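Please read the structure below before turning to the comments.
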Amino acid sequence: MTETSAGSLVPEVGRLVIRFAGDSGDGMQLTGDRFTSASALFGNDLATLPEYPAEIRAPAGSLAGVSAFQVHISDHDIFTPGDAPHVLVAMNPAALKTELGTLVDGGTVIVNADTFNDRNLAKAGYDHDPLEGDDLSAYRLISAPMTSLTKEACKDLGVKPRDAERSKNFFALGLLSWMYSRPVEPTLEWIDAKFKGRDLIVAANRTAFNAGHAYGETAELSDHKVIVRPAEMPAGTYTNINGNTALAWGLVAAGQLSGLPLFLGSYPITPASDILHELSRHKQFNVATFQAEDEIAAIGSALGAAYGGHLGITTTSGPGVALKGETMGLAVSLELPLIIVNIQRGGPSTGLPTKTEAADLLMSMYGRHGESPMPVIAARTPADCFDQAIEAARIAIKYRTPVMLLSDGYLANSSEPWLLPDVEDLEPIPIEFASGFNQVDENGDEVFWPYLRDDNLARPWAIPGTPEIMHRIGGLEKQDGSGNVSYDGANHAHMIALRAERIARIPVPDVEVSGDADAELLLVGWGSTWGAIAAAVRRVRDSGRKVAHVHLTHLNPMPANLGEVLSGFPKVLVPEMNLGQLVRILRDEFLVDARPVSKVSGQPFTPGELQQVILTETGDDS
Amino acid sequence: MTETSAGSLVPEVGRLVIRFAGDSGDGMQLTGDRFTSASALFGNDLATLPEYPAEIRAPAGSLAGVSAFQVHISDHDIFTPGDAPHVLVAMNPAALKTELGTLVDGGTVIVNADTFNDRNLAKAGYDHDPLEGDDLSAYRLISAPMTSLTKEACKDLGVKPRDAERSKNFFALGLLSWMYSRPVEPTLEWIDAKFKGRDLIVAANRTAFNAGHAYGETAELSDHKVIVRPAEMPAGTYTNINGNTALAWGLVAAGQLSGLPLFLGSYPITPASDILHELSRHKQFNVATFQAEDEIAAIGSALGAAYGGHLGITTTSGPGVALKGETMGLAVSLELPLIIVNIQRGGPSTGLPTKTEAADLLMSMYGRHGESPMPVIAARTPADCFDQAIEAARIAIKYRTPVMLLSDGYLANSSEPWLLPDVEDLEPIPIEFASGFNQVDENGDEVFWPYLRDDNLARPWAIPGTPEIMHRIGGLEKQDGSGNVSYDGANHAHMIALRAERIARIPVPDVEVSGDADAELLLVGWGSTWGAIAAAVRRVRDSGRKVAHVHLTHLNPMPANLGEVLSGFPKVLVPEMNLGQLVRILRDEFLVDARPVSKVSGQPFTPGELQQVILTETGDDS
Amino acid sequence: MTDTLLPDGGTEDVPVTKRADWQSDQEVRWCPGCGDYSILTALQLLMPDLGVRREKTVFVSGIGCAARFPYYMNTYGMHSIHGRAPAIATGLALARPDLDVWVVGGDGDMLSIGGNHLIHALRRNIDINILLFNNQIYGLTKGQFSPTSERGKVTKSSPIGSCATPFNPVSLAIGAEASFVARTHDMDRHHMQEMFRRAYEHPGASIVEVYQNCNVFNDGAFETITKKDVRDDMLIPLRHGEPIRFGTEGQFGVARHDGGVEIVEVADVGVDALLVHDEARTDPSTAFALSRLAEGPDRPTPVGVFRAVDRGEYGEAMRGQVDQMESDRGNGDLRALLHSLPTWTV
Amino acid sequence: MTDTLLPDGGTEDVPVTKRADWQSDQEVRWCPGCGDYSILTALQLLMPDLGVRREKTVFVSGIGCAARFPYYMNTYGMHSIHGRAPAIATGLALARPDLDVWVVGGDGDMLSIGGNHLIHALRRNIDINILLFNNQIYGLTKGQFSPTSERGKVTKSSPIGSCATPFNPVSLAIGAEASFVARTHDMDRHHMQEMFRRAYEHPGASIVEVYQNCNVFNDGAFETITKKDVRDDMLIPLRHGEPIRFGTEGQFGVARHDGGVEIVEVADVGVDALLVHDEARTDPSTAFALSRLAEGPDRPTPVGVFRAVDRGEYGEAMRGQVDQMESDRGNGDLRALLHSLPTWTV
Ligand SMILES: Cc1ncc(C[n+]2csc(CCOP(=O)(O)OP(=O)(O)O)c2C)c(N)n1
Ligand SMILES: Cc1ncc(C[n+]2csc(CCOP(=O)(O)OP(=O)(O)O)c2C)c(N)n1
Ligand code: SF4
Ligand code: SF4
Ligand SMILES: [Mg+2]
Ligand SMILES: [Mg+2]
């Protein structure tokens with residue numbers, strides 16, 4: 001459909017990583033997003049990683065104001081937004097300054113030449129013009145006066161020059177679309193739809209896009225053209241989804257699968273707020289979203305709703321979880337279903353709120369007073385957030401327990417193509433509310449015991465409104481069975497053991513070893529490191545070495561076969577975006593000499609970094 | 001001074017455990033306390049354990065209303081309030097019913113016979129009078145009509161019979177004083193002082209006490225008499241102290257030793273409130289106590305005061321700690337001295353608020369989001385709370401870090417003789433506040449860097465009011481050195497590593513192995529289990545078997561020699577009042593196959609229980 | 001909004017009940033003589049009259065002596081954690097508009113640690129009935145001062161007196177936009193029942209401050225105003241539509257003065273000068289002024305309904321949005337949601 | 001109480017400073033056009049006039065755009081965690097009465113998550129100056145409704161409008177026993193400075209609500225009342241001792257009405273019928289009534305000092321207790337303390 005038909009002279013590459021960078025006001029997220037969409041429609045596999053500045057609006061042109069979006073497209077299945085980008089689009093000097101270091105040697109730099117004036121150079125801390133010195137000698141430079149060309153192209157549309165200037169990101173997009181042979185129509189259609197009714201803007205953006213596209217042709221950039229063929233992907237319908245949206249949809253799905261109304265009690269916090277935003281747009285699924293006064297009220301309201309028979313959820317990030325500990329403890333004691341979603345971010349304290357980290361695992365396991373065990377699960381990819389939200393609900397409902405669902409800032413915002421599941425294939429979540437007496441007392445009278453247990457050791461979910469079985473529950477220790485307050489020591493010991501056993505007995509799928517079962521080295525990961533580990537393992541194995549990978553979704557309880565799996569490998573490494581937390585649990589549980597591989601710089605592992613680790617560990621540190 | 005002069009026919013026993021039990025209104029805590037004081041003055045070593053009902057005032061005569069006080073006196077050094085009591089004083093049927101089971105076979109039961117009427121028997125759930133059936137056949141019963149004898153004795157004093165009845169606990173005390181040859185004068189003097197000005201009450205209590213004393217003689221209870229000789233104790237002045245008082249005094253001492261004003265921000269909670277109460281009585285030590293609106297404000301205010309150069313402290317129990325996590329994280333990030341005291345109690349949630357447990361260790365270590373390491377220390381005996389409060393302050397101040405100080409409900413309330421330290425011998429805590437510029441910037445100007453580090457990696461304690469060095473701190477990640485907000489990934493990684501190292505490098509004393517260095521079995525304990533483990537180890541060793549004991553005060557960081565010590569023992573057991581928390585840390589840190597010994601029934605281990613464990617583990621389960 | 005799984009809550013007539021039906025099988029464990037008993041009795045005796053179902057009634061509490069209340073009611077109940085009952089009840093009431101949700105707590109529970117949840121529940125006008133048992137002390141933790149204890153109060157944690165000005169719970173509630181605020185006391189069963197009934201009937205959040213005697217740690221705190229023999233002179237009954245008047249012979253009254261209100265002798269000013277109580281005023285200023293009459297329970301103190309205005313309940317609006325989205329977009333269609341972003345097919 | 005180790009804080013005269021001395025070296029990072037800039041400028045320009053020392057001045061904040069304030073002041077400062085600034089400042093102010101402690105935060109920070117700490121600090125009358133930057137939105141988290149957002153507000157988290165009645169911060173503060181309450185706005189530097197100065201001078205807790213424009217997520221929220229051309233008709237200046245009067249020609253005024261206050265035309269009622277503002281009234285009822293004049297910033301809205309009464313600052317009382325115990329018992333003697341229970345000697 002485009003020039004990239006067979007027989008073209010355009011060289012092929014298997015994959016390409018492009019990084020769009022510019023000032024916060026330059027619309028880089030949107031540009032990246034559109035490029036991604038076009039690539040998705042074209043059929044590439046892909047993964048994205050947006051990175052925003054911490055300030056709402058840092059001063060224009062400043063280093064702090066640089067906003068970036070990385071997209072990795074490929075002709076085969078990939079797992080991450082890529083290591084070093086091959087192409088950097090830098091819309092101003094500040095973007096060039098902050099982002100250049102990440103580019104591969106020999107990579108392509110595309111700049112908006114118009115912005116390289118003294119004022120902007122000074123703001124970026126350049127004492128010279130990098131377009132002229134040696135700064136870029138190691139790269140292939142495309143220096144296009146995007147602003148002026150855009151203005152020029154738009155001059156007959158009746159758009160004010162300042163407004164026309166705003167369309168320069170579409171110029172960049174047009175240029176990249178030409179260079180990498182992206183389909184053009186979807187973007188034009190998107191412009192029409194997005195700015196519907198604002199005709200001048202539609203015209204300016206269309207014009208800028210076309211001008212950029214034409215620029216490639218006319219400026220003879222043909223030798224920059226490469227093509228990344230569509231990937232072979234399983235048949236089906238795809239959408240490009242980020243983790244927070246997938247998670248929100250997974251919660252909606254859990255509501256539909258269980259037939260329960262959803263109640264989200266939440267307090268805004270980066271990077272979790274978007275789940276609140278997304279769910280508040282879908283109330284027609286019987287979704288109530290309640291923006292509480294703080295995180296404690298958020299979980300409290302969700303717990304209240306759960307007590308009332310709703311699917312109670314609270315979403316937050318690290319600092320918010322630190323506030324919810326006491327109420328989680330109550331939920332443990334009440335044995336009610338509840339989902340606590342933690343989109344982890346850089347800590348401690350306020351830390352790096354817009355950067356990713358996964359250092360809340362131990363808090364998830366142990367951050368409550370007393371013995372208060374709780375299932376913990378973690379999503380591994382953006383789309384997996386959908387599945388794990390359902391899994392969290394399934395566990396919470398079936399075992400009447402609060403469940404901690406972990407994601408992180410990286411999963412939250414990055415996206416990947418998701419083969420949409422057939423809604424009919426999703427397994428229903430059976431619900432059973434207690435409906436009447438379940439016990440006979442000493443006098444032969446029928447009574448209701450709120451802590452009588454089923455085969456899973458779960459107590460009845462007995463919701464207010466049910467006739468006859470009125471009862472009281474609370475955070476004081478209860479007599480097992482009757483649920484009456486009990487200060488009896490033996491019963492307390494029994495209840496503590498029972499609460500522990502109830503969680504420990506939850507069946508979770510065995511882990512599967514990917515890679516070489518007979519390797520020397522096993523990498524054990526959890527959460528969002530999956531992509532980087534899988535990619536690194538593939539690269540290393542492609543180079544002929546042996547290595548294995550196991551990835552945990554269920555962190556509490558752990559898969560039953562994990563100990564055996566671990567014991568099969570002489571070396572076990574645990575890459576984590578923290579100082580080593582899962583590794584502590586593995587060492588404790590299985591007494592294996594697993595060792596940590598840490599990254600805590602606010603960014604996910606790249607496959608390259610882990611590849612290097614593996615090579616070093618397997619005896620080659622080339 | 002009493003009949004117990006050498007040559008008396010009274011048999012000697014090495015130790016004796018007496019349990020006073022009665023209705024909440026019966027004054028058993030006071031009775032136990034007085035008996036303890038007299039024993040202390042007599043020269044016994046001793047340990048006590050009060051146990052209150054959970055209700056403020058449960059219905060009179062009910063099982064829920066039973067209040068008990070156990071005291072262990074001995075002629076040698078002892079470590080715990082004892083296993084099963086030898087003597088039970090039961091002031092009513094409910095007390096007999098709930099407490100009898102704990103008594104040793106053949107033990108002595110002393111009852112107030114007057115209370116064994118139909119009404120009280122019914123309230124206690126007896127369908128017969130246990131004084132008459134076989135219930136007590138395994139014991140030696142002393143059934144004294146204490147109420148009527150007291151009334152009778154007081155009848156000429158002009159005291160109303162109902163008021164006279166209130167003195168019956170002094171009758172019991174008099175009787176026990178006679179049986180166990182306690183000095184009489186101190187108690188009489190105490191009565192005079194305590195009820196000074198209320199002459200009738202003084203008279204009634206004195207009379208009742210004397211009547212009880214005489215009753216022993218006249219009722220020919222001589223063959224119940226035993227004597228526990230004074231223990232050989234190091235020379236010095238002693239006081240009988242419980243953990244909470246010792247802890248409060250330790251904090252006062254830390255203030256004096258450092259010259260810092262104390263600021264306690266606290267919110268009442270059992271069993272921590274008494275520290276607040278105690279400190280609020282000693283404001284003349286430049287102590288400010290602030291009862292905050294909640295636990296978050298409590299720690300917040302303490303942190304604010306610490307920022308201002310005071311010794312900031314917050315005291316609470318488990319549920320309160322669960323609320324303080326976020327602010328502790330801020331303190332970690334601010335690198336300011338702060339002491340968080342957790343008097344642990346039965347959990348999860350509200351749990352068993354008046355019972356003991358030590359299940360907050362993992363929360364202390366990991367209960368904050370992100371990587372936020374904090375020193376953790378735990379007191380081992382009531383008197384040790386004094387030392388560890390000072391130790392906590394010393395670490396907090398020297399290393400500019402929040403410190404978690406752990407105690408528990410058992411230590412809080414139980415007491416032991418404490419050889420009072422010489423105040424001059426207590427080591428001063430040096431304080432150095434930043435006083436001026438500490439750095440020169442690029443321009444050669446003098447500046448102040450709030451995160452410039454000393455040899456301990458600690459940053460300056462730079463308090464407001466100091467001229468020139470105004471600066472801003474906060475919970476966002478900071479550039480090391482300058483302290484400016486930094487979103488730089490490499491700096492973040494550096495800071496995380498540095499915060500971890502700063503804590504890990506804090507020097508703590510090596511552990512010492514007590515018992516047999518060449519034993520097969522090592523017991524590792526922490527906190528209040530010290531007494532029970534030490535006693536059990538002594539018993540086992542006295543019986544000719546080998547066993548060793550190591551006890552941790554410093555839980556983070558751990559003693560440097562601990563790994564080596566652990567590796568010297570084939571078997572390692574870790575008795576804990578939780579499901580196994582320290583054991584997780586040991587397994588993780590040292591990859592030793594340490595195994596847990598758990599007790600979570602709201603009461604401390606008894607030496608007997610641990611003795612049994614040791615015997616079983618060392619191959620004898622007699 | 002169709003909650004198909006939830007119990008439909010009986011369409012038959014509400015059964016006739018008596019006090020015993022509302023008593024749970026749990027032994028009541030307050031100190032003998034505690035004011036909580038009379039509040040419990042008042043409510044248990046009232047419930048049969050309200051024409052409500054036990055299974056549709058829920059008591060949510062925090063921690064404290066007062067907070068043990070749910071255990072004694074033969075309804076649904078949750079004894080939660082300290083301070084959080086208003087938040088938990090908010091979730092429950094929003095999720096389950098078919099229920100009557102009551103919140104019970106002490107002055108520490110609801111005004112100290114739980115103060116924020118309380119004021120937000122009032123502001124939002126969540127459909128819950130809040131009973132604040134104010135004994136001006138922390139009972140369960142054995143006697144520390146609370147946010148309603150008077151300045152200078154000597155307690156375990158303030159051995160030479162507390163330094164803080166107390167909250168006036170009625171003023172605070174009104175300042176927090178409360179739509180229903182009342183006060184009563186544990187010595188007058190009839191008055192309590194009237195207030196509880198009014199709270200129950202009010203749409204949206206209602207708060208009733210109940211002066212409650214803690215005879216162990218703060219005995220007699222309200223004696224000066226609630227004891228039978230002083231009551232007439234020390235309690236100022238607020239009755240909608242009536243001039244505010246009190247005293248054994250009705251010799252005192254309340255009149256406006258300098259923007260606030262003051263106590264006057266009827267003989268001095270005449271009945272017509274008395275303020276006629278209007279609990280339904282949209283402007284809460286007069287209700288606020290009335291709340292200032294007594295700084296503590298040592299001066300004549302108004303009891304009754306200070307304010308009762310219907311200003312729209314939060315849950316109704318919230319559920320309205322579900323309905324609106326349902327009617328705008330139809331019932332949620334999961335497949336359509338999953339396909340709502342651009343898709344492509346391989 | 002002798003804090004020997006603490007800096008004695010200079011006995012020389014307070015040095016003369018200028019604006020630049022109060023500016024830190026940090027780049028200001030609010031969105032261009034944000035109202036926070038003008039508040040910062042107002043304060044930085046005011047500080048030299050207050051005659052205070054930079055090293056004795058501390059700004060404590062929570063989290064939010066507003067809460068970045070401390071970074072820009074060349075004083076001591078702590079950017080703490082969300083909602084907790086009033087609690088942290090309480091500890092600091094109590095520990096260090098020699099300092100001037102300011103608290104800065106947004107409507108989310110101080111009224112949502114931090115609401116409880118705020119009302120308790122006001123009630124206790126801690127000696128801190130609280131500046132509440134009310135932009136009726138969560139700025140830093142990119143635009144969700146806040147506890148001061150009007151009902152029906154469409155935001156990211158309320159796509160078809162919020163369901164909640166907002167707080168009126170002035171009413172809430174007065175209900176919480178605040179001794180000093182004022183309101184100003186970011187468009188009038190002079191008025192802001194006057195209010196900040198008054199807050200500074202007030203002993204005990206002072207709170208100033210500053211209407212602040214968030215031009216990114218809630219632009220123009222206060223335009224209807226603060227824009228230059230409408231201001232005269234839409235802002236009601238409260239001036240102590242003066243009749244409350246406003247309007248381009250002073251044609252409007254405020255008079256008492258039915259226990260509250262209402263806006264009147266001076267021509268109709270005459271000047272003498274206007275309410276003379278008395279910020280020092282012990283009874284807060286009139287101040288409360290004034291706070292009810294405008295439900296939101298779309299009707300004429302009072303600005304200025306609503307209430308300023310000296311009712312004794314908490315810290316003074318607290319330190320008085322230290323002094324009292326010191327004078328009763330002498331300075332603490334550790335040895336005596338350790339020997340204060342019965343002892344025996346072996
Ligand atoms: C998080 C937490 N903090 C503190 C406590 C201890 N605590 C229990 S009840 C209570 C206050 C009781 O006072 P109030 O609420 O007035 O109830 P009352 O007992 O007087 O009825 C406190 C501080 C707790 N259980 N949980
Ligand atoms: C415990 C916690 N919860 C939530 C957040 C996220 N958060 C940061 S600022 C903020 C609210 C900002 O609004 P406001 O206080 O009004 O300040 P503004 O940005 O409008 O000045 C929120 C919810 C956080 N940082 N910490
Ligand atoms: S302590 Fe006070 S409030 Fe609590 S039950 Fe006893 S009398 Fe009642
Ligand atoms: S988001 Fe709003 S409040 Fe925050 S800096 Fe920008 S304009 Fe100001
Ligand atoms: Mg109370
Ligand atoms: Mg705001």
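Numbered from 1 within each chain, the chains take letters A, B, ... in sequence-line order. Only a predicted model underlies this, so the values are computations on that prediction, with no experimental measurement involved.
Two residues are said to be in side-chain contact when any heavy atoms from C-beta on lie closer than 4.5 Å; C:Pro147 and B:Glu293 fail this criterion. By the 4.5 Å heavy-atom criterion applied to side chains, C:Ile113 and B:Glu295 are counted as neighbours.
Neither the backbone nor the side chain of B:Ile296 comes within less than 4.5 Å of any heavy atom in chain C. Within the 4.5 angstrom heavy-atom criterion, no atom of C:Cys34 approaches chain B. Contacts of C:Phe217 with chain B are made by side-chain atoms alone, with heavy-atom separations under 4.5 Å and no backbone atom involved. Of the two parts of C:His79, neither the backbone nor the side chain holds a non-hydrogen atom closer than 4.5 Å to a non-hydrogen atom of chain B. Using a 4.5 Å cut-off between heavy atoms, B:Ala297 does not touch chain C at all. When heavy atoms are compared at a cutoff of 4.5 Å, C:Ser162 does not approach chain B at all.
For the atom pair B:Ser280 OG and C:Lys156 NZ, the distance stands at 11.0 Å (nearest 0.5 Å). Taking CD1 of C:Ile160 as the start and CZ of B:Arg281 as the end, the distance is 12.0 Å to the nearest 0.5 Å. Summarising the geometry, atom NE2 belonging to C:His82 is positioned 8.0 Å from atom CD1 belonging to B:Ile269; distances are rounded to the nearest 0.5 Å. For the atom pair CG (B:Leu323) and CZ (C:Arg84), the distance works out to 5.5 Å, reported to the nearest 0.5 Å.
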Checklist entry - How far apart are the C-alpha atoms of B:Ser273 and C:Gln144, what are their side-chain angles, what is the distance that settles it, and do they pass the side-chain contact (heavy atoms from CB on, under 4.5 Å) test? => result CA-CA 9 Å; B:Ser273 310; C:Gln144 299 83 13; 3.8 Å; yes
Next on the checklist: Let's go through C:Ser112 and B:Tyr267 carefully: what are the C-alpha distance in whole Å and the side-chain angles of both, what is the deciding distance for side-chain contact (heavy atoms from CB on, under 4.5 Å) to 0.1 Å, and is it a yes or a no?
Outcome noted: CA-CA 10 Å; C:Ser112 195; B:Tyr267 187 71; 3.5 Å; yes
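Comparing C:Val216, C:Ile81, C:Val28 by heavy-atom pairs within less than 4.5 Å of chain B, the highest count is held by C:Val216. Of the listed residues (C:Thr141, C:Leu111, C:Thr155), the greatest number of heavy-atom pairs within a distance under 4.5 Å of chain B belongs to C:Thr141.
Checked by atom type, the side-chain pair C:Ser157/B:Gln291 shows a donor-acceptor distance below 3.5 Å.
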